[in-house]
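Owing to the predicted nature of the structure, the values given are computational and were not obtained by experimental measurement.
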Amino acid sequence: MDAGVSALVAPQRKNSPVEALASGDRSRETLRGALLARGTEQEELFSLARAARDAVWPAREVETRSVIELSNVCQQSCNYCSMAKETKLKRYVIKHELLMERVEFLHALGRRVLVLQSGENDSDNFVGYVAKCVTEIKRRFPDLELILSLGNLSHAQYVRLREAGAERYNLKFETSSPSLYEMWKPGDSLAQRLACLRDLIEVGFKTGTGNITGMPGQSLDDVLDDLILLGRLDLTMMSCTVFIPGEMCGYRDEPMGDVDIALNQMALMRILYPTRLMPTTSCLERGKKGGQLAGLMAGANTVTIHDGTPEEFKKLFPIYSTDRCSPDYARCEAIVRDARLSFGKAPLI
Ligand code: SAM
């Protein structure tokens, strides 16, 4: 029987999306199939992602970060965020002395990567204050790598923060769809967000970005576009959170995002962009028990320990919920161990 006839009699079995990925297929159809993987197929997808991670990071260490939520003052009206300016919330900025005490405490614990996060506040007053804090932190703890996550600022303000000594900046594009962006973040635009990302990269920050999966109005094709946009930017960090309808946000009555799609997206991010840092976030756990461990199994290599923000401010930084899952050291250690990884002592990049 010649090949043509045999193909008619026994049609070739179509590769599963994971087999296709393993053989280098990066087509949209394959990525779409992988986003929907479940059961054994999902396990195979995660296994492929872990192999991609471990080839780049053979020591199997995760970057261990601490976070201090510096201020909840915010000028934005994001419908998904419980800290939007419309939310009735007591607003705070952590004072310099208390901040330095917390940094000293974290440094003494051995932490060498610190995230300073806040609502978006582009007043020169606030940015100047952060720059002063950064300078002081780097003077006293030069081996502490600083990641800022302060939202959209001007080019000059990014320069100021970079010159103060911060090495990295996280700014999520949230969605690659201009219309969804404007629906989710009224008064802001995707073009503006992407311009900020370009500024950050140009100013010399090691830059991270990413999306939220499972948001109102978002289709699987939008998520695929997010994955592709991640590949067009010169990044060292990338992230994906799943939408959690916090009780104080504009989208509080919307359904929660699908954690499995978010995990599959993370696995694809690892396979497509193996050299970048990628966190497993607490909202995966909030979305599904075991979700944060599953993030490590899907190729993540960063965990954030939530023991930096002073207790009195924790409830006032309710990104997705007042009852937020904020993992402490013991929890992070347990999931890292269960994933057969270990805490890195120094920054991974
Ligand atoms: N204000 C800064 C900014 O806009 O980049 C940093 C703080 S912001 C609260 C940090 C991130 O939290 C956002 O970029 C968004 O992706 C995520 N986030 C906020 N609300 C969320 C929710 N309900 N579910 C999942 N992720 C959420």
Side-chain angles (χ1 to χ4, degrees), residues 61-73 83 89-119 121 126-150 161-162 164-170 205-206 208 237 239 277 279-283 285-286 292 301-337 341-349:
E61 288 182 337
V62 296
E63 182 166 282
T64 317
R65 298 176 183 166
S66 281
V67 60
I68 298 180
E69 287 141 342
L70 190 57
S71 167
N72 65 356
V73 176
M83 253 171 25
L89 202 62
K90 191 176 157 222
R91 302 288 165 166
Y92 72 87
V93 179
I94 300 181
K95 297 232 164 60
H96 187 257
E97 204 179 304
L98 178 56
L99 176 72
M100 293 311 296
E101 263 174 39
R102 296 307 296 171
V103 177
E104 192 173 348
F105 163 77
L106 295 169
H107 191 264
L109 288 176
R111 308 288 159 70
R112 291 298 177 266
V113 185
L114 174 63
V115 183
L116 292 179
Q117 192 173 50
S118 76
N121 177 357
F126 179 67
V127 177
Y129 172 64
V130 180
K132 180 181 142 201
C133 295
V134 168
T135 306
E136 181 65 2
I137 292 170
K138 293 302 292 186
R139 188 186 67 76
R140 288 186 52 195
F141 310 103
D143 59 348
L144 192 60
E145 176 106 347
L146 280 182
I147 308 179
L148 301 178
S149 176
L150 315 173
L161 293 164
R162 179 74 189 100
E167 289 92 350
R168 307 193 207 168
Y169 203 105
N170 259 332
F205 279 106
K206 291 180 249 179
M237 304 176 286
S239 65
L277 293 182
T280 182
T281 62
S282 57
C283 62
E285 190 68 33
R286 176 64 199 240
Q292 205 174 7
N301 61 348
T302 301
V303 291
T304 303
I305 304 175
H306 287 255
D307 56 358
T309 307
E311 219 43 58
E312 67 260 42
F313 298 122
K314 274 192 173 167
K315 287 255 179 227
L316 297 176
F317 202 89
I319 301 185
Y320 52 81
S321 169
T322 44
D323 179 26
R324 212 173 134 195
C325 159
S326 50
D328 60 9
Y329 180 82
R331 230 208 93 61
C332 291
E333 194 185 35
I335 60 166
V336 166
R337 192 189 48 234
L341 297 164
S342 66
F343 278 147
K345 293 202 171 30
L348 277 198
I349 52 168

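Contact of the R168 side chain with the I349 side chain is registered, since non-hydrogen atoms from C-beta on lie closer than 4.5 Å. Taking the side chain as every heavy atom from C-beta outward, L348 and V62 never approach each other to under 4.5 Å. Looking at L98 and P310, their side chains come closer than 4.5 Å, going by heavy atoms from C-beta outward. For the pair L70 and L99, the minimum side-chain heavy-atom distance is below 4.5 Å. For the pair L114 and F141, the minimum side-chain heavy-atom distance is 4.5 Å or more.
No side-chain N or O of T302 forms a donor-acceptor pair with one of E63 less than 3.5 Å apart.
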- Task: Could you check Y129 against S71 for side chain to side chain contact (heavy atoms under 4.5 Å, CB included), going step by step and ending with a plain yes or no?
- Result: CA-CA 11 Å; Y129 172 64; S71 167; over 6 Å; no
- Message: Before you tell me yes or no, could you show the steps for R140 and E104 under salt bridge (Lys or Arg N to Asp or Glu O under 4.0 Å), namely the whole-Å CA-CA distance, both residues' side-chain angles and the distance that decides it to 0.1 Å?
- Response: CA-CA 9 Å; R140 288 186 52 195; E104 192 173 348; 3.1 Å; yes
- How far apart are the C-alpha atoms of I305 and T64, what are their side-chain angles, what is the distance that settles it, and do they pass the side chain to side chain contact (heavy atoms under 4.5 Å, CB included) test? CA-CA 7 Å; I305 304 175; T64 317; 3.5 Å; yes
- Task: Could you please spell out the steps behind the side chain to side chain contact (heavy atoms under 4.5 Å, CB included) verdict for H96 and C133?
- Result: CA-CA 7 Å; H96 187 257; C133 295; 3.7 Å; yes
- Task: Could you walk me through whether N170 and Q117 pass side chain to side chain contact (heavy atoms under 4.5 Å, CB included), step by step?
- Result: CA-CA 9 Å; N170 259 332; Q117 192 173 50; over 6 Å; no
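Formation of a donor-acceptor pair under 3.5 Å by the T280 side chain with backbone atoms of Q292 is found in this model. With E69 contributing its side chain and T309 its backbone, the two residues share no donor-acceptor pair below 3.5 Å. Side chain of N72 to backbone of K90: a donor-acceptor contact under 3.5 angstrom is found. Proximity of a side-chain donor or acceptor of R102 to a complementary backbone N or O of D307 within less than 3.5 Å is detected. Judged purely by atom type and a 3.5 angstrom limit, K138 uses its side chain to pair as donor or acceptor with the backbone of L144.
L148 and A166 make their closest contact through CD1-CB, 3.6 Å (heavy atoms, listed as atom of the first residue, atom of the second, distance). Between M83 and P318, the shortest heavy-atom distance links the atoms CG-CD, 3.6 Å. Residues A164 and A131 come closest through the heavy atom pair CB-O, 3.6 Å. The minimum heavy-atom distance between S118 and L150, with the atom names listed, is OG-CD2, 3.4 Å. Of all non-hydrogen atoms in S66 and L106, the two that sit nearest each other are OG-CD2, 3.6 Å.
Salt bridge present: R331 and E285 bring a charged side-chain N and a carboxylate O closer than 4.0 Å. Here R162 does not pair with E167 in a salt bridge; the nearest charged N to carboxylate O distance is not below 4.0 Å.
Classification of the F313-Y92 ring pair by plane angle, with boundaries at 30° and 60°, yields parallel. Using bins of under 30°, 30° to 60° and over 60° for the plane-to-plane angle, the ring pair F205/Y169 lands in the perpendicular bin.
Atom CE of residue M237 and atom CG of residue N301 lie 11.5 Å apart, to the nearest 0.5 angstrom. Between H306 atom NE2 and C332 atom SG the span is 7.5 Å, to the nearest 0.5 Å.
Residue E97 places its CD atom among 12 or fewer non-hydrogen atoms of other residues, nucleotides or ligands, all under 6.0 Å distant.
Looking at R111, R112, K206, R65 one by one, the single match for salt bridge (charged side-chain N to carboxylate O under 4.0 Å, His left out) with E145 turns out to be K206.
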